[in-house]
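Working notes, structure below.
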Protein chains: 2
Amino acid sequence: MYTIGQLAKTSALSRSTLLYYDSIGLFSPSGRSSSNYRTYTDADRARLEQICTYRRTGLSLRDIGRIMKTRGRQGLVPLLEKRLDELSREIRALRSQQHFIVKLFKNDRAISRIRVMDKGSWIKLLETAGLDEAARDKWHAEFERLAPEAHQDFLEALGIPVKEVALIRKYSRGGRRE
Amino acid sequence: MYTIGQLAKTSALSRSTLLYYDSIGLFSPSGRSSSNYRTYTDADRARLEQICTYRRTGLSLRDIGRIMKTRGRQGLVPLLEKRLDELSREIRALRSQQHFIVKLFKNDRAISRIRVMDKGSWIKLLETAGLDEAARDKWHAEFERLAPEAHQDFLEALGIPVKEVALIRKYSRGGRRE
DNA sequence: CATAAACTATGAAGTAGTAGACAGGTCAAG
DNA sequence: CTTGACCTGTCTACTACTTCATAGTTTATG
């Protein structure tokens, strides 16, 4: 049996958060003491750990609540797949902010060190390591075959415009260069 | 002279957003019509475009407000540098969610295709392209020299634990492989 | 056994940025 | 002059919490 403070300390969540989870019906204590204090059992703890696991995926509390209510975790997989898509979009958005800031800096004053890789720096890197253009083409082709989505993400992460990304990928799949 | 609806349509911001910007004092119309409607001028439009530019960097509205109030954009550069740091942290957090989901999937059922690259897939890719271990070492060393922060980000993006990242980078800087 | 420290409860309000509800104003057509 | 379409202003809700205020309870100390 734990009070809310004890549970907070051992679960790396704040007391406020536990109160909030109770208030929205996501995670309520299984009982109350004579003085109306919330009392949590070990079974509650296990439930909370499940919730924390799902939280590490970035699922919304609402979705987590839905999963916890159904037994057998039915519907979990599609939710996680949706979350993966969301994550790609979110990361892409942040990447584009990075590149935009770097561009602003460039117009202003030469930025001393490279914080964010772009296409030019990347190619230079591969060349230094000994990959010529033919080898790079092969690398793209293999990337595209192995993990098309990750290939797309990677190219966009270099700040390459969407249209050019499409061209590169098409070529990687065996199309003719433009 | 524009009304709020006209400005919204031509600025790719919603009416709600313009109303909110007015309510927090970030972007207010320069006048009101006889019927108390907000009236915006072309000068207002220019101001709004500035705001949109800063928004594309992900700066908070509060920070944007501060920048707009000072002329000469004094203090902009440190704010953007802070934002770059924030962006790295945010992207790192999202990527750790990605890797966590992929790990969950792996325990559950074999995921058919690779959406998120990990260390193993990456090495395989470089090998296929013709980079042996020595060449990869050289590649790391060059990456570290050219853009240490980006190198760190990249390694973490592959889901490599922070400690191992530190080791790789140390070795890249000329340390001995233990 | 009294007192203080440290806990607990509830409720309200704040955060960022947007979406939507609602009541009322404006304008053209009939 | 009225109808309807479209506009406007203000206010509320949302996420996932945190912070604060106020009041009651338990625990440790002297």
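We name chains A, B, ... by the order of the sequence lines, and we start the count at 1 in each one. The structure presented is a predicted model; accordingly, all values stated were derived computationally and were not measured.
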B:H151 and B:H140: which non-hydrogen atoms are nearest, and at how many Å?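 Minimum heavy-atom contact is NE2-ND1, 3.0 Å.
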
Evaluate the criterion side chain to side chain donor-acceptor pair (under 3.5 Å) for residue pair A:S88 and A:D85; output intermediate values, then yes/no. CA-CA 5 Å; A:S88 298; A:D85 288 345; 5.4 Å; no

One should read off an interatomic distance between B:L126 CG and B:W122 CH2, to the nearest 0.5 angstrom, of 5.5 Å

With a strict under 4.0 Å distance from non-hydrogen atoms of chain B, what nucleotide opens and what nucleotide closes the contacted stretch of DNA chain C, reading 5' to 3'? C:dA16 to C:dT26

Please encode protein proximity along nucleotides 3-18 of chain D as a string of B, S and -, counting only heavy-atom distances under 4.0 Å. ----SBBB---SSBBB

Apply the test side chain to side chain donor-acceptor pair (under 3.5 Å) to residues A:R47 and A:Q50: give CA-CA distance (whole Å), side-chain angles for both, the deciding distance (0.1 Å), then the verdict. CA-CA 5 Å; A:R47 256 191 321 137; A:Q50 269 295 311; over 6 Å; no

Name the one of A:Y20, A:Y54, A:Y40 that satisfies ring pair (Phe, Tyr, Trp, His ring centres under 6.0 Å) with A:F27? A:Y40

Presence of salt bridge, A:R83 and A:E86, under 4.0 angstrom: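 Salt bridge between A:E86 and A:R83, a charged N being under 4.0 Å from a carboxylate O: yes.
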
When you check the gap from the basic side-chain N to the acidic O, do A:K124 and A:E127 get nearer than 4.0 Å?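 Not counted as a salt bridge, because no side-chain N and carboxylate O are separated by less than 4.0 Å.
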
